[in-house]
Amino acid sequence: MTKINNQESNAPLIFSTLLETFPDARCELEFHTPFELLIATILSAQCTDERVNIVTASLFAETNTPEGIIALGQIELENQIRSLGLFHNKAKNIFAACQVLIKDFAGQVPEDVDLLRKLPGVGRKTANVVVSNAFGIPALAVDTHVFRVAHRLGLAHCKTPEKVEEELMLIFPRERWTLVHHLLIFHGRRICHARKPNCKECPLVGICTEVQTCN
DNA sequence: ATCCCGAGGG
DNA sequence: CCCTCTGGAT
């Protein structure tokens, strides 16, 4: 029996529609180096990119190297990132990650997802964001937005981000992975919100498998 | 109240 | 699998 909400065949239409709607879809974290993006991405958990950018602007003006962060000290780092939430864990992880970078990677951010994941505080999603946006290596990071939107559009059906990542990578060609990630995020943030999706302004309302009619 | 580009630990 | 960490925006 055919799965009724299997929309893999609609993937090209979904891609082109979202690209037309969000031609500026991109990484919204501000960075100049892979290390800056790594730190910004770790900081981005549970808060908006906009506020991460405010904090990193002043932090990176002070230092943007692993050695510099170590010199800053964990307590001072905590104080600088406090307003971003989860500040203790983030500071602890960033501090430890800088030590690993210096000790095992000659102070350079590795261009490999598996190596990146050896860094404290770097999971699958963060590693994918760094390799794709800092090094141009195709990757499809599945965060809360990508997960939600992919399910609503019928592009994914699995229960874990890892499995959804696999599903999406099979549906879209490798050279599109990074852009697909950004398009789904923009759609999730601007229109397909977690709580009250704005279906009335959704360009995909005609093919969505989960249209919300109560808003 | 609920959500924000999560990850680690139990 | 679940829980915890966290301030700010809405």
Side-chain angles (χ1 to χ4, degrees), chain A residues 18 22 24-31 34 36-59 74-75 77-101 109 113-135 137-153 155-156 158-165 168-169 177-198 212 214-215:
Chain A
L18 290 180
F22 307 109
D24 57 337
R26 59 186 169 78
C27 178
E28 296 192 287
L29 293 171
E30 290 166 7
F31 66 98
E36 287 192 1
L37 179 60
L38 172 64
I39 301 306
T41 308
I42 292 175
L43 290 175
S44 71
Q46 299 298 309
C47 73
T48 63
D49 289 359
E50 191 180 349
R51 294 189 328 95
V52 171
N53 289 336
I54 293 172
V55 167
T56 53
S58 67
L59 175 64
Q74 192 175 322
I75 301 301
L77 181 60
E78 278 190 13
N79 290 332
Q80 292 210 26
I81 70 173
R82 187 172 301 269
S83 71
L84 301 181
L86 309 180
F87 67 90
H88 183 65
N89 279 340
K90 288 176 182 176
K92 186 175 65 171
N93 287 146
I94 288 172
F95 206 73
C98 286
Q99 292 176 321
V100 174
L101 282 175
V109 178
V113 170
D114 294 319
L115 292 178
L116 275 165
R117 292 198 60 187
K118 294 183 183 303
L119 301 175
V122 178
R124 170 175 296 271
K125 179 254 165 181
T126 299
N128 281 333
V129 167
V130 170
V131 296
S132 59
N133 293 299
F135 298 122
I137 299 169
L140 218 164
V142 174
D143 56 40
T144 177
H145 295 302
V146 173
F147 187 88
R148 178 181 72 252
V149 171
H151 274 272
R152 285 185 178 163
L153 290 175
L155 292 173
C158 294
K159 287 174 291 188
T160 68
E162 292 80 1
K163 290 288 187 182
V164 170
E165 182 180 330
L168 293 176
M169 288 194 298
W177 289 350
T178 302
L179 184 52
V180 167
H181 161 78
H182 288 128
L183 288 172
L184 293 181
I185 285 181
F186 266 61
H187 184 53
R189 289 170 137 180
R190 310 273 197 279
I191 294 175
C192 196
H193 307 129
R195 179 45 62 103
K196 255 186 73 179
N198 192 358
Q212 314 277 312
C214 55
N215 64 357

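Taking atom NZ of residue A/Lys90 and atom C1' of nucleotide B/dG8, one finds them 14 Å apart after rounding to whole Å. One interatomic measurement links the two molecules: NZ of A/Lys92 to C1' of C/dC5, which rounds to 9 Å at whole-angstrom precision. In this structure, CZ of A/Arg189 is placed 10 Å from P of B/dC4, rounded to the nearest angstrom. Rounded to whole Å, the distance from CG on A/Asp143 to P on B/dA7 is 10 Å. Taking atom NZ of A/Lys196 as the reference point, atom P of B/dC4 lies 15 Å away to the nearest angstrom. For A/Arg124 and B/dG8, the CZ to P distance is 12 Å, given to the nearest whole Å. Computed from coordinates, the A/Ile94 CD1 to B/dG8 P distance equals 13 Å when rounded to whole Å. Straight-line distance from the CG atom of A/Leu29 to the P atom of B/dC5: 9 Å, rounded to whole Å.
Separating the P atom of B/dC5 from that of C/dC5 is a span of 22 Å, rounded to the nearest Å. The separation of B/dA7 from C/dG8, taken at their P atoms, amounts to 22 Å, rounded to a whole angstrom. Taking atom P in both C/dC3 and B/dC3, one finds a spacing of 16 Å when rounded to whole Å. Comparing C/dG7 with B/dG9, their C1' atoms are spaced 22 Å from each other, to the whole Å.
The one candidate from A/Val142, A/Asn128, A/Val129 that meets the side chain to side chain contact (heavy atoms under 4.5 Å, CB included) condition with A/His181 is A/Val129. Under the side chain to side chain contact (heavy atoms under 4.5 Å, CB included) test applied with A/Leu116, the options A/Val113, A/Asp114, A/Leu119 reduce to a single match, A/Leu119.
Note on A/Arg51: every side-chain N or O is 4.0 Å or more away from OP1 and OP2 of C/dG8. Put simply, A/Arg148 has a side-chain N or O that comes within less than 4.0 Å of OP1 or OP2 on B/dC4. The shortest distance between the side-chain N/O atoms of A/His145 and the OP1/OP2 oxygens of B/dC5 is below 4.0 Å.
Across C/dC5, B/dC5, B/dC3, the shortest atom-to-atom separation from the side chain of A/Thr48 is found for B/dC5. Closest contact between the side chain of A/Gln46 and the listed nucleotides B/dT2, B/dG6, B/dC5 involves B/dG6. When each of C/dT6, B/dC5, B/dC3 is scored by its nearest atom to the side-chain atoms of A/Phe87, the top-ranked nucleotide is C/dT6. The side chain of A/Ala194 sits closest to B/dC3 out of B/dC3, C/dG8, B/dA7. Relative to the side chain of A/Leu86, the nucleotides B/dC3, C/dT6, B/dC5 differ in distance, and C/dT6 lies closest.
If you check every strand for non-hydrogen atoms under 4.0 Å, A/Thr41 touches nothing. Counting non-hydrogen atoms under 4.0 angstrom, A/Val129 reaches a base of the nucleic acid.
Looking at A/Arg189, its side chain never comes within 3.5 Å of a backbone N or O of A/His145 through a donor-acceptor pair.
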Donor-acceptor pairs under 3.5 Å, side chain of residues 85-96 of chain A to any protein atom, not counting sequence neighbours: which ones?
residue	atom	partner	partner atom	Å
A/His88	ND1	A/Glu78	OE2	2.7
A/Lys90	NZ	A/Leu43	O	2.8
A/Lys90	NZ	A/Ala45	O	2.9
A/Lys90	NZ	A/Leu84	O	3.3
A/Lys90	NZ	A/Gly85	O	3.2

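Between A/Lys125 and A/Pro161 there is no side-chain heavy-atom pair separated by less than 4.5 Å.
For an aromatic pair to be called close, the ring centres must be under 6.0 Å apart, and A/Phe186 with A/His182 fails this.
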